[in-house]
Amino acid sequence: MIDLHIHSTLSDGTLSPAEIMAVAGERGVKVLSITDHDTMAAYPEAVRLGLERGIEVLPGIEITAHHQQLSIHILGLGLQHESPALAKGLSSIQEARQERNRGIIAKLNGFHLGVTMADLPRGNGQTGRPHIARIMVQKGMVRNEQEAFAKYLRKDGAAYVQRQLLPVSQAMAMITAAGGVAILAHPGTLKLPEAALAALVRDLLGEGLAGVEVYHPMNSEKTLHFLLKLCHNFGLMATGGSDFHGREGDKAPLGECGGRRRVPAHLLSPLKTRLVETRGIDLQSVQPEKAPAPCNLQP
Ligand code: AMP
Ligand code: ZN
Ligand code: FE
Ligand code: FE
């Protein structure tokens, strides 16, 4: 099994990279990417853990960016996680996040809710609204994280602050410059009509898009088939993942992409070929799974 979209505690997931590897081991996931939001803080530890446990780890990330009025998630897969340029780009994203966290906390203080920047987790991971929600629960300000979002943190919540986002072209350029491939994540969540989705993909193609996340729990069956056609027509790679956050209520467990469907393992070979071609690196040490995993989709 493979899974190319996973979140850890270094962003808004609830399992550490080591715990993710343990679950992957139990479930038979042989190749994975931890794609935390806006941070590579799971690396290089995740690669080391993978080597220890015989799981191939493709360094990855999920960056939120904007294209015109749309907020878009871009996955970067197969990144050189040690790239200084990538680290620099990501640290400016983290600065924008901290700026926004300060804004949210100031608004909460306006409601006499005493959350401080010192309450936020320290370390090099990403901090955002889920962490603020957790603190509010711990301090007894709300009963649970859902209530924190519903009252304060969601888009029209009382303490919401918009975050400064990178243009999608810049996010993709960062990924490509670090040797990775840029993938449009879960297009189904954009809720665009097919023609608009095709137009978006065409736009992004001109800016360095390498693929589309076809297999994802938030893509409907109809969208999935449309995206497969789109990939074929535009010569884009298809990828897939669970978007696992380690929480109850996740739409799919590790290695699956909704409806008990496995992330098709045959997606890996074109991805690796592309990475080898663009980077001239040796990814051959770990062979892709021999037989493609069953994909219980009707053609
Ligand atoms: P941020 O990156 O700080 O804007 O936070 C976004 C994250 O907050 C998402 O990835 C989810 O994990 C979480 N989130 C967003 N909306 C909600 C909600 N209504 N209830 C619970 N968690 C949410
Ligand atoms: Zn997330
Ligand atoms: Fe996403
Ligand atoms: Fe995600």
Side-chain angles (χ1 to χ4, degrees), residues 5-16 35-39 41 61-75 89-168 170-171 184-192 196 200 216-219 243-252:
H5 189 159
I6 301 168
H7 297 277
S8 80
T9 43
L10 279 316
S11 64
D12 60 347
T14 56
L15 300 187
S16 66
T35 51
D36 277 314
H37 298 281
D38 301 333
T39 180
I61 196 165
E62 182 173 22
I63 301 180
T64 308
H66 77 86
H67 180 69
Q68 291 146 12
Q69 303 309 315
L70 280 178
S71 167
I72 288 182
H73 291 191
I74 299 288
L75 288 171
L90 294 178
S91 79
S92 71
I93 297 181
Q94 293 307 331
E95 273 166 36
R97 277 190 167 275
Q98 285 298 72
E99 186 63 40
R100 180 224 208 174
N101 290 339
R102 275 190 284 275
I104 294 175
I105 284 173
K107 283 196 175 179
L108 289 173
N109 291 168
F111 296 106
H112 305 288
L113 297 170
V115 178
T116 69
M117 286 298 283
D119 293 326
L120 286 179
R122 269 167 288 266
N124 53 357
Q126 180 258 96
T127 48
R129 290 180 291 161
H131 306 92
I132 297 176
R134 259 171 246 161
I135 294 162
M136 293 176 77
V137 176
Q138 281 158 16
K139 292 194 175 213
M141 295 165 180
V142 285
R143 275 165 302 185
N144 51 45
E145 290 165 27
Q146 282 67 36
E147 189 183 336
F149 270 92
K151 285 193 179 160
Y152 299 103
L153 302 175
R154 69 168 187 201
K155 200 150 192 168
D156 49 1
Y160 183 76
V161 175
Q162 179 66 47
R163 181 159 69 89
Q164 213 58 45
L165 296 178
L166 287 182
V168 80
Q170 216 171 309
L184 176 63
H186 46 63
T189 60
L190 297 171
K191 303 208 181 327
L192 293 173
L200 170 69
H216 182 281
M218 295 298 282
N219 292 341
D243 211 349
F244 182 71
H245 283 72
R247 288 188 290 249
E248 282 175 35
D250 262 352
K251 298 230 165 25

Starting at [atom1] of [X], measure out to [atom2] of [Y] and round the result to the nearest 0.5 Å.
X: I63; Y: L75; atom1: CD1; atom2: CG; result: 9.5 Å
X: L108; Y: T116; atom1: CG; atom2: OG1; result: 11.0 Å
X: I132; Y: N101; atom1: CD1; atom2: CG; result: 4.5 Å
X: T64; Y: L166; atom1: OG1; atom2: CG; result: 9.5 Å
X: H37; Y: D12; atom1: NE2; atom2: CG; result: 3.5 Å
X: Q94; Y: E99; atom1: CD; atom2: CD; result: 13.5 Å

Review point. Taking atom types as modelled, is there a side-chain donor on E62 or H186 under 3.5 Å from an acceptor on the other?
Key: yes
Review point. Among all residues two or more places apart in sequence or in another chain, which pass the side chain to side chain donor-acceptor pair (under 3.5 Å) test with Q68?
Key: none
Check your understanding: How would you list, by chain and number, every residue that makes a side chain to side chain donor-acceptor pair (under 3.5 Å) with H216, sequence neighbours excluded?
Key -> D243
Exercise for review: Please list, chain by chain and in numerical order, all residues satisfying side-chain contact (heavy atoms from CB on, under 4.5 Å) with S92, sequence neighbours excluded.
Suggested key: none
**Study point:** Residues in side-chain contact (heavy atoms from CB on, under 4.5 Å) contact with D250, at least two apart in sequence or another chain
**Key:** F244, H245, R247
I need the minimum non-hydrogen distance between [X] and [Y], along with the two atoms involved.
X: V137; Y: E145; value: CG2-N, 3.5 Å
X: S11; Y: T39; value: CB-CG2, 4.5 Å
X: N219; Y: G188; value: OD1-N, 2.8 Å
X: G114; Y: N109; value: CA-ND2, 3.9 Å
X: S16; Y: T9; value: CA-OG1, 3.3 Å
X: I61; Y: D38; value: CD1-C, 3.8 Å

Practice item. Would you check if Y160 and K107 make a side-chain contact, meaning some heavy-atom pair closer than 4.5 Å? Key: no
Check your understanding: Does I135 reach the side chain of L120, with side-chain heavy atoms less than 4.5 Å apart?
Key -> yes
So, [X] side chain and [Y] main chain: donor-acceptor pair closer than 3.5 Å or not?
X: H7; Y: T14; result: no
X: K139; Y: V115; result: no
X: R163; Y: R97; result: no
X: S71; Y: H66; result: no

Practice item. Give a yes or no on whether Q164 atom CD has more than 12 heavy-atom contacts from other residues, nucleotides or ligands under 6.0 Å away. Key: no
Less than 3.5 Å apart, which donor and acceptor atoms pair up between the side chains of residues 148-157 and the rest of the protein, not counting sequence neighbours?
from: K151; atom 1: NZ; to: E147; atom 2: OE2; distance (Å): 2.8
from: R154; atom 1: NE; to: D156; atom 2: OD1; distance (Å): 2.8

Review point. For H67, which residues count as a ring pair (Phe, Tyr, Trp, His ring centres under 6.0 Å) partner, sequence neighbours excluded?
Key: none
